[in-house]
Amino acid sequence: MAFLDPSLAERDPEIARLISEENKRELESMRLIASENYASRAVMDATGSCLGNKYSEGYPRKRYYEGQAVIDQVEELAIARLKQLFGGASGVAPDSFHVNVQPYSGSPANLAVYFAFLQPGDVVMGLGLPAGGHLTHGHTVSITGKYFKSVPYGVRREDHRIDLDEVRKLAKEHRPKLLWCGTTAYPRTIDFAAFRSIADEVGAILAADIAHISGLVCGGAHPSPIGVADVVTSTTHKTFRGPRGGMIFCKKEHAAAIDKAVFPGLQGGPHNHATAGIAVAAHEALQPEFKAYARAVVDNAKVLAQALVERGFTVTTGGTDNHLMLLDLTNKGVPGKVAAQALDKAGVVLNYNSVPFDPRKPFDPSGLRLGTPAVTSRGMGKAEMLAIAGWIDRVVAAPADAALLETIAGEVREVCAKFPAPGIRVG
Ligand code: DSN
């Protein structure tokens, strides 16, 4: 027993030190990666609990191992809360759709959709990766592009918005069995109803991947695809602000196919500690504060995008409707990667990203992607967004100026010190 008793710091000082360094980094920098957030202390406590010790293959009341009295309640609570939350936000009855909380993350959730509805070689359509789609929407390097016939659609050259006429034309020509709507780097509202009508015209299953925007959807800051799409997938750790995990919502008629695809089709035992974290995140998202949070994420993104436009940055599509924006740095004469790495040194953390029709390669693209979910969780607002725009402007103007980067890192630390990061304890 004694061997297993010591604390992390006593047992493994090296890992304890690294966690403490990451705590400090997350506290002292501006977290602008659009897919990241700060989970609450409560979510982290649930996720770090003993529930991770338990194996629970199957679904509540239909398990393959004994000892599920508590786990069944955890999973049922997570599902009930998500139904209440997303049903309410979507204007549909909580019992009119099915929820599966077992996918390990967003990619496994998406793979379950393929496994539930398609055979290898079937046609799938999704937004191409270079236009802001996800790898699992049929990109060539992904299993979804290798095992299925992928027909990507894009955005318009003039305004970089999804070209629904092109989607319809391609769908009529290629008759996909599965049509994805959903994005990872697209700053505008998704018109789920328009995708529904295209899917109906060609008899396709419509899948909405709301991994980036699920917190905005349940917080009322983006329209919901629930009740519109046949199936909706999401991660749980982005704007939803839960633990690392995945979830799938679907029409009741698809419940058995989705459940079978997740388990035993793709996965073994669910991560019960993550399920508990999802239940806690859903509970938090049911509070009035979460609606205000979702609205503030979008408001902050709009302020930041506008401030960058005023400083001469090319913001693709001219702005944003959601939590993120894409900057094309071509007119600044600085590649995205150079800018992202310099900004990281200055404590402004985001990612380099391809922009639509990017002439440069994905590993050395023209743009930056940045978003406001995490800084908004810290309580930052308009003044901080304007400060961020100023820092980005100064760094992009002189990315090799080490003294400047150090000065800005100090300014960033000063601002961060005024906004505690949820869930992070130092020491
Ligand atoms: N890695 C996620 C993102 O950053 O958008 C998508 O999987």
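Whatever order the structure lists them in is the order used to number ligands and atoms, beginning at 1. What you see below is based on every heavy atom in this structure, not just the backbone, and it leaves out hydrogens, waters and symmetry mates.
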Determine all donor-acceptor pairs shorter than 3.5 Å in which one atom belongs to a side chain in residues 213-225; sequence neighbours excluded.
unit_1 : atom_1 : unit_2 : atom_2 : d
Ser214 : OG     : Ser234 : OG     : 2.9
His222 : NE2    : Ile190 : N      : 3.2
Ser224 : OG     : Ser90  : OG     : 2.7
Ser224 : OG     : Ile226 : N      : 3.0

Quiz item: Between His212 and Asn322, does any side-chain donor sit less than 3.5 Å from a side-chain acceptor?
Solution: no
Quiz item: Would you say Ser107 and Leu135 make side-chain contact, with heavy atoms under 4.5 Å?
Solution: no
Exercise. Evaluate the ring planes of Phe263 and Tyr59, with Trp represented by its six-membered ring, and classify them as parallel (under 30°), tilted (30 to 60°) or perpendicular (over 60°).
Key: perpendicular
Practice problem: Check whether any side-chain heavy atom of Val113 lies under 4.5 Å from a side-chain heavy atom of Thr233, and answer yes or no. | Solution: yes
Please tabulate, one line per pair, the protein nitrogen or oxygen atoms found under 3.5 angstrom from a nitrogen or oxygen of ligand 1, with distances to 0.1 Å, or say none if there are no such pairs.
unit_1   : atom_1 : unit_2 : atom_2 : d
ligand 1 : 4 (O)  : Ser35  : OG     : 2.7
ligand 1 : 4 (O)  : Arg369 : NH2    : 2.8
ligand 1 : 5 (O)  : His212 : NE2    : 2.7
ligand 1 : 5 (O)  : Arg369 : NH1    : 2.9
ligand 1 : 7 (O)  : His134 : NE2    : 2.9

Quiz prompt | Min side-chain heavy-atom separation Leu127-Val155 under 4.5 Å | solution = yes
